[in-house]
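Remember, it's a predicted structure, so these values are computed and weren't measured experimentally.
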Amino acid sequence: DILDWLFGPLLAVSGEATNQAGAYPAEDRVTMRFAFASGVLGRGSWNFCGDIYRDRIEVTGELGRLSFATFGDTSTVLENHEGVRELHIENPAHIQQPLIETIVAELRGQAGACPSSGRSAARTSAVIDQVLASYRRDL
């Protein structure tokens with residue numbers, strides 16, 4: 001969702017998934033490669049059975065690099081020709097609360113618009129389906 005919001009809809013997606021640890025029936029290891037219609041390329045790796053928790057999105061461009069967590073409480077780091085700048089923005093007590101508040105406000109007809117929509121949610125679901133299409137639990 002956040003990548004869709006930052007860079008627009010995905011144009012191409014591929015990936016692999018497996019149940020590496022066997023602790024539960026769902027996929028616990030997923031990798032993905034993707035391209036946005038805007039020309040941005042990316043790759044991701046999710047390991048839900050790793051021994052170290054790491055939550056980071058890193059965006060690298062010709063003018064620098066920005067890294068941040070989606071759920072973690074780590075600093076946002078901007079690196080460019082001026083050096084390294086670290087920003088610490090406190091997470092709310094309930095990480096999803098700001099998004100939920102925008103949904104409620106929009107449903108009530110109050111000012112502002114929710115950045116997530118049924119369309120963006122459908123795009124995210126379609127991406128998940130594409131990445132997991134080759135995953136077979138009976139292997």
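For the pair Arg123/Leu10, no side-chain contact is recorded, criterion being any heavy-atom separation below 4.5 Å from C-beta on. Taking 4.5 Å as the limit, some side-chain heavy atom of Met32 sits within range of a side-chain heavy atom of Trp46. Within the 4.5 Å cutoff, the side chain of Asp55 has heavy atoms near those of the Thr70 side chain. Considering only heavy atoms from C-beta on, Pro98 stays 4.5 Å or farther from Ile100 through its side chain.
In the hydrophobic clustering of this structure, Ile2 groups with Val59; members are Ile, Leu, Val, Met, Phe, Trp, Tyr whose side-chain heavy atoms approach within less than 4.5 Å, directly or through other members. Under the 4.5 Å side-chain heavy-atom criterion for Ile, Leu, Val, Met, Phe, Trp and Tyr, Ile95 and Phe48 are members of distinct hydrophobic clusters. Follow the hydrophobic side-chain contacts under 4.5 Å out from Val77 and you never reach Leu63; the two are in separate clusters. Taking hydrophobic clusters as Ile, Leu, Val, Met, Phe, Trp and Tyr residues chained together by side-chain heavy-atom distances below 4.5 Å, Val13 does not share a cluster with Leu11. One hydrophobic cluster, built from ILVMFWY side chains closer than 4.5 Å, holds both Trp5 and Leu3.
In terms of heavy atoms, Leu41 sits closest to Ala35 at CD2-CB, 3.6 Å. Nearest heavy-atom pair across Gly72 and Asn91 is O-ND2, 2.8 Å. Scanning all heavy atoms of the two residues, the minimum distance from Ala113 to Glu106 falls at CA-OE1, 3.2 Å. Between Ser117 and Ser120, the shortest heavy-atom contact is N-OG, 2.9 Å. Scanning all heavy atoms of the two residues, the minimum distance from Asp4 to Pro9 falls at OD2-CA, 3.6 Å. Closest approach of His88 and Ser75 over heavy atoms only: ND1-OG, 3.6 Å.
Considering CG of Leu78 and CG of Leu66, their distance stands at 6.0 Å, rounded to 0.5 Å. Here Glu16 contributes atom CD and Leu132 contributes atom CG; the two are 11.0 Å apart, rounded to the nearest 0.5 Å. To the nearest 0.5 Å, the span separating OG1 on Thr60 from CD on Glu79 amounts to 8.5 Å.
Counting only N and O atoms by type, the side chains of Arg33 and Ser14 include a donor and acceptor under 3.5 Å apart.
Judged by distance alone, with hydrogens and angles left aside, the side-chain atoms of Asn47 form no donor-acceptor pair with the main-chain N or O of Arg29 at under 3.5 Å. Here the side chain of Asp28 pairs a donor or acceptor atom with the backbone of Gln20 at under 3.5 angstrom.
Within a 6.0 Å radius of CZ in Arg85, other residues, nucleotides and ligands contribute 12 heavy atoms or fewer. Counting heavy-atom neighbours within 6.0 Å of His94 NE2, excluding the residue itself, gives a total of 12 or less.
With respect to the salt-bridge test (charged N to carboxylate O, under 4.0 angstrom), the residues Glu58 and Arg43 do not qualify.
Scored by the ring-ring contact (aromatic ring centres under 6.0 Å, His included) test, Phe36 finds Phe7, Phe34 as partners (sequence neighbours excluded).
If you chain together ILVMFWY residues whose side-chain heavy atoms come under 4.5 Å of each other, Leu107 ends up grouped with Leu99, Ile103.
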